[in-house]
Amino acid sequence: MTLIFVVLRRVLLGLISSVKGLLTNTAVFSVDFILTVYNLITPDRPVGAVVPKGHPGYGGKWPEYTPPQEGDSRCSCPMMNAMSNHGILPRDGKNITFRELDRAVRRTFNFAPTFCFFVPMYIGGLLGRPYATGRFDLADIDAHNCIEHDASLTRVDSFHDADQGRIAAPLVEEVLRSGTGPGGDLTRADLSRLLGKRRVEAKRANPKYSSTFTHKMFGASNGSTLLTIFGGRVDDLRAVLLEERIPDGWEPRVRHRMGLTMAEFNLTVLPVELGIREEVDGSIAQAGIERYAATGGSEKHA
Ligand SMILES: *[C@@H]1O[C@H](CO)[C@@H](O)[C@H](O)[C@H]1NC(C)=O
Ligand SMILES: *[C@@H]1O[C@H](CO)[C@@H](O)[C@H](O)[C@H]1NC(C)=O
Ligand SMILES: *[C@@H]1O[C@H](CO)[C@@H](O)[C@H](O)[C@H]1NC(C)=O
C-alpha cells in the first residue's frame with residue numbers, strides 16, 4: 001500500500017473511533033441525566049428493600065464471607081474485593097466479565113446503570129479489552145496509574161508495596177477515627193482533609209509520587225463513595241475497609257429507584273476535591289522539597 005493510503009486509512013479509523021467514543025459518552029451522559037430526574041420525582045425504595053429480591057444481600061442477608069485464599073486475585077478496591085469475598089463475584093477474583101461486574105455493582109451497591117456501564121467500559125478501555133467480551137482478574141486493574149494511583153486512603157503507594165490488594169490497616173484506622181459528624185461519622189470536610197493529608201504524606205515519602213487531575217478525581221470519587229453509598233457511617237466502614245466484608249443487615253444508603261447517578265455523584269465528588277486545602281496552600285509542593293532535602297539532593301525531585 002502506498003503511504004498516502006496508509007495515512008488516509010489511519011486518519012479515517014482514528015475519526016471513526018473518536019466519533020464512536022463521543023457518541024457513547026453523549027448517550028451515557030444523556031441517559032444519566034434522565035435517570036437523575038427520574039430519581040428526583042419518584043419515591044425512594046423503602047428501607048430494607050434496596051437490594052432487589054433474588055439478588056445476594058436481599059433483606060440484608062449477604063452470602064458467606066471468606067477472606068481471600070492463597071492464589072486468589074484481589075485489588076486496590078475494597079468494594080470489588082468485598083464482592084469476591086462474599087462470592088457475588090467469583091471468589092478467586094479471576095476471569096470476571098465486564099458485564100458481570102456491571103450487574104454486580106448495580107445490585108450490590110445501588111449505583112445507577114449508567115455508572116455501572118461507564119466504569120467497566122472505562123476500565124476495559126484502559127486494559128485494551130472490549131466491554132462486551134472482555135474478561136479480567138481483579139489484580140489487572142492495579143496497573144499503576146491506570147485506575148490505581150498514589151495517595152490511596154486504604155493502601156500504601158505501589159512504590160512501597162506492589163501488592164495493591166494488601167489492606168494498609170494503619171491508614172484505614174486513621175480514616176475510621178477521623179469522622180467529625182454525628183457519632184463520629186465521616187463528612188465531606190473530613191474526606192477533603194484526609195485526602196489532602198494523604199497527598200502530602202505520600203509525596204513526602206515516595207520519590208516516584210505522581211498525581212494527575214484524573215487520578216485526583218478518582219481519589220475524590222472513592223472518598224465520595226464512602227459518603228454516599230455508605231452514608232459516612234464508620235461502623236459499617238470498619239468491616240468494609242478493614243476486612244472487605246459487607247456487614248450483616250447492611251444495604252446501600254442511597255435508596256433511589258435508579259441508583260446513584262454520575263450527575264448526583266459529582267455533586268459530592270466535586271466539593272470533596274475542591275475542598276482540599278493542601279492543593280492550593282503550597283503544602284504538596286513543600287512536601288516534594290522536603291523529600292528532596294531529606295535525600296541530600298541525591299534524588300531528582302518531581
Ligand atoms: C474464563 O472463562 C471462560 C468462560 O467460562 C473460559 O472459556 C476461559 O477458559 C476462562 N479463562 C481462564 C483463564 O480460566
Ligand atoms: C481509589 O481507588 C483506586 C482503585 O481501587 C485506588 O488505586 C486508589 O488509590 C484509591 N484512591 C484513594 C484516594 O483512596
Ligand atoms: C461526573 O462523573 C463521571 C464519573 O463518575 C465523570 O466521568 C464525569 O466526567 C463527571 N463530570 C463532571 C462534570 O465532573
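No experiment lies behind these values; they were computed from the predicted model shown. First listed ligand is number 1; within each ligand, the first listed atom is number 1. Along the sequence shown, residues carry numbers from 1.
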Checklist entry - Applying a 4.0 Å heavy-atom criterion (strictly less than), which segment of Asp142 is in contact with ligand 2: side chain, backbone, both, or neither? => result neither
Checklist entry - What part of His149, side chain from CB on, backbone N/CA/C/O, both or neither, has a heavy atom under 4.0 Å from ligand 2? => result both
Protein contact of [atom] - nearest heavy atom, named by residue and atom, plus distance:
atom                    : result
atom 10 (C) of ligand 2 : Asn222 ND2, 2.3 Å
atom 9 (O) of ligand 2  : Ser152 CB, 2.9 Å
atom 7 (O) of ligand 2  : Glu148 CA, 3.1 Å
atom 4 (C) of ligand 2  : Ser76 OG, 3.2 Å
atom 12 (C) of ligand 1 : Asn95 ND2, 3.3 Å

Next on the checklist: Ring centres under 6.0 Å, that's the criterion: do Phe218 and His215 meet it?
Outcome noted: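 Ring-ring flag for Phe218/His215: true, centres closer than 6.0 Å.
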Next on the checklist: So that I know where these two stand, are Tyr131 and Phe117 an aromatic pair - ring centroids less than 6.0 Å apart?
Outcome noted: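 That pair passes the under 6.0 Å test.
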Checklist entry - Looking at Leu195, which atoms of ligand 2 are within less than 4.0 Å of one of its heavy atoms? => result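 In order of numbering, the contacting atoms are 13 (C).
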Item to check | Numbering as shown, the atoms of ligand 2 that approach Cys77 to under 4.0 Å (heavy-atom distance) | outcome: 5 (O)
Checklist entry - Mind checking whether Phe29 and Phe118 have parallel, tilted or perpendicular rings, split at 30° and 60°? => result tilted
Next on the checklist: Which label fits Trp62 and Trp250: parallel for a plane angle under 30°, tilted from 30 to 60°, or perpendicular past 60°?
Outcome noted: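 Trp62 vs Trp250 ring planes: tilted.
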Item to check | Glu264 and His256: CA distance, side-chain angles, deciding distance, side chain to side chain donor-acceptor pair (under 3.5 Å) verdict | outcome: CA-CA 11 Å; Glu264 187 187 351; His256 305 325; 3.1 Å; yes
Item to check | Proximal candidate to atom 13 (C) of ligand 2 [heavy atom criterion; set Ser221, Ala151, Ser211, Gly165] | outcome: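 Among Ser221, Ala151, Ser211, Gly165, the closest heavy atom to atom 13 (C) of ligand 2 comes from Ala151.
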Checklist entry - Which of the listed options, Ile147, Leu153, Ile141, holds the heavy atom that is closest to atom 14 (O) of ligand 2? => result Leu153
Checklist entry - How does Arg135 reach ligand 1, by side chain, by backbone, by both or by neither, if only non-hydrogen atoms under 4.0 Å count? => result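 Arg135 to ligand 1: side-chain contact only, backbone stays beyond 4.0 Å.
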Next on the checklist: Is atom 2 (O) of ligand 1 near the protein, in the sense that some protein heavy atom lies at less than 4.0 Å from it?
Outcome noted: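 Given the 4.0 Å limit, the answer for atom 2 (O) of ligand 1 is yes, a protein heavy atom qualifies.
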Checklist entry - With side chains defined as the heavy atoms from C-beta onward, is the minimum distance between Pro90 and Glu100 less than 4.5 Å? => result yes
Next on the checklist: Can you confirm whether the side chains of Ser178 and Asp190 place a donor and an acceptor under 3.5 Å from each other?
Outcome noted: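 There is no such pair between these side chains.
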Next on the checklist: Strictly distance-based, threshold 3.5 Å: is any side-chain N or O of Ser283 a donor or acceptor partner for the main-chain N or O of Glu279?
Outcome noted: no
Checklist entry - Judged by atom type as modelled, is there a donor-acceptor pair below 3.5 Å linking the side chain of Asp32 to the main-chain atoms of Thr261? => result no
Checklist entry - Does Gly219 reach ligand 2 with a nitrogen or oxygen that is under 3.5 Å from one of the ligand's nitrogen or oxygen atoms? => result no
